[in-house]
Amino acid sequence: MAATEPVDLSVADLHPALGDPALTSMNFLNEVSERYPAAVSLAAGRPYEEFFDLAAVHRHLDTFHRHLVDDLGHRPEQARRLLLQYGRTKGIVHHLIARNLAVDEGITVDPEDVVVTVGCQEAMFLVLRALRAGPADVLLAVAPTYVGLTGAARLVDLPVWPVAGGSAGVDLADLAAQVRQARAAGLRPRACYLMPDFANPSGVSIDTPHRRRLLDLAAQEDLLLLEDNPYGLFHSDDGPRPPTLKALDTGRRVVYLGSFAKTVLPGARVGYVVADQRVAGPDGRVGPLADQLAMIKSMVTVNTSPIAQAVIGGRLLEHGCSLVAANTRERSAYTRNLRHLVAGLARRFPAGADGAAAVRWTVPAGGFFVVVTVPFPVDDALLDRSARDHGVLWTPMAHFYDDTAPVHALRLSVSAVTPEQVDVGLDRLAALLSDELTRRAG
């Protein structure tokens, strides 16, 4: 009889979120890609790796070190301690982030309202942990929703109520209805999470008039908006970008979540949150929500790596704190790939061709993602067959909905591939869809 490993715990003894699909989703997708390394991946929303430069990391670090000494007046031993010792919980590049937001987004923010985090994922977790004060609290989120947000909400026991997105990016009537329905049930909706620019996974953006109406509704309903903006710089036309919700926010309704993973370097794992909402303490003192988030962070990650922050800070300094200027190559590559993929879908699924009429796709104005709708349910089993039999990876859209209803759509990402890989991947995807249609017809 084979010996068995001793069991010290049951999953039933652990937090219930650990068995939730929202937490297992990313692991499953990573496992599929590891099992089929030769497959072309149109799944991962990772930045383009051909522009990675290890030498630049050292240069950015040196640039930020000089900034500490020459611009901020730190003595050499102070600068060394700032980079190599445990550091300030709120971060050491908060002043540069504030400058970047002013330069690129027209957002005026006090650097003390910024908390530098370990990626944007920690920023989301800190905000949700702070907002979840009791069992009556709920979070609204535009569906389909980034799975990292749903998973973080699970870990802090904050239920997520879906809000319809649609072609406008958020259905304001449904948002108002969900708020009122929650309150009628004795619940307290704390905030609504959304990505106004090229949302993950839908790729949909919210136009400026709709953004203004959204802010008006948030004020009427006394609701915070959690604006997540990892893709906003990567628009594919030459016209002006719509202002962020935070740039339009005059009533401190918006908590702004930012990331340098796509615009500088994912390996640095640096993000941030702008939380300028005023909070009254028990002693009557008033300070920014950022101070409360920093207290939570001090018990989670203590502080964000100063060396990683210095790399980000150096990149900002070298481009006048403009990430628009720092990402001209990247924006060009993503725009090229996005247009190439959309044109490739049109060639492979022309209007009027047998079966092609049932295949539709979005045409986003930028970002990384295109959603393809097909005439049958798309699930993990189909993804596994796609990788095994056809050599192409993508993401089932079912991972972004908080229920078990079948979803007839998949997400394609253009960020980490070349046009040649896009062509190979689309050829393989077309073969998969043709096989699946034939199998279901027969």
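Any value given below was found using the heavy atoms of this structure, including those in side chains, with hydrogens, waters and symmetry copies removed. In this chain, residues are counted from 1 in sequence order. Quick caveat, the model's predicted, so the values are computed rather than measured.
- A salt bridge is absent between Asp276 and Arg253; no separation between the charged side-chain nitrogens and carboxylate oxygens falls under 4.0 Å.
- With respect to Asp137, the salt bridge (charged side-chain N to carboxylate O under 4.0 Å, His left out) criterion is satisfied by exactly one of Arg183, Arg188, Arg129, Arg132: Arg188.
- The side chain to side chain contact (heavy atoms under 4.5 Å, CB included) test applied to Gln121 returns Met124, Tyr146, Ala152, not counting sequence neighbours.
- When each of Val371, Leu426, Val392 is paired with Leu412, the side chain to side chain contact (heavy atoms under 4.5 Å, CB included) condition holds for Leu426 and for no other.
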For a quick test of your reading: what N or O donor-acceptor pairs under 3.5 Å do the side chains of residues 32-44 make, sequence neighbours left out?
residue, atom, partner, partner atom, Å
Ser33, OG, Asn30, O, 2.7
Arg35, NH2, Asp384, OD1, 2.5
Ser41, OG, Ala43, N, 3.3

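- Side-chain rings of Tyr231 and Phe368 approach one another, their centers coming within less than 6.0 Å.
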*Where do Asp197 and Ser205 land on the side-chain hydrogen bond (donor to acceptor under 3.5 Å, both in side chains) test, with the steps shown first?*
CA-CA 5 Å; Asp197 295 281; Ser205 296; 4.8 Å; no
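- A distance of 9.0 Å separates CZ of Arg190 from CG of Leu158, quoted to the nearest 0.5 Å.
- Relative orientation of the Tyr272 and Phe260 rings is tilted, given thresholds of 30° and 60° on the angle between their planes.
- A donor-acceptor pair shorter than 3.5 Å cannot be found between the side chains of Thr244 and Glu105.
- The aromatic rings of Phe64 and His67 sit tilted relative to each other, their planes meeting at an angle between 30° and 60°.
- Shown here for Ala191 and Leu131, the closest heavy-atom pair between the two residues is CB-CD1, 4.0 Å.
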*asked:* Quick one, Asn337 with Gln421, criterion side-chain contact (heavy atoms from CB on, under 4.5 Å). Give me CA distance, side-chain angles, the key distance, then yes/no.
replied: CA-CA 10 Å; Asn337 286 2; Gln421 289 171 318; over 6 Å; no
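- Summarising the local packing, CZ of Arg241 is surrounded by more than 12 heavy atoms from other residues, nucleotides or ligands at distances under 6.0 Å.
- Around the CZ atom of Arg212, the shell of radius 6.0 Å holds no more than 12 heavy atoms that belong to other residues, nucleotides or ligands.
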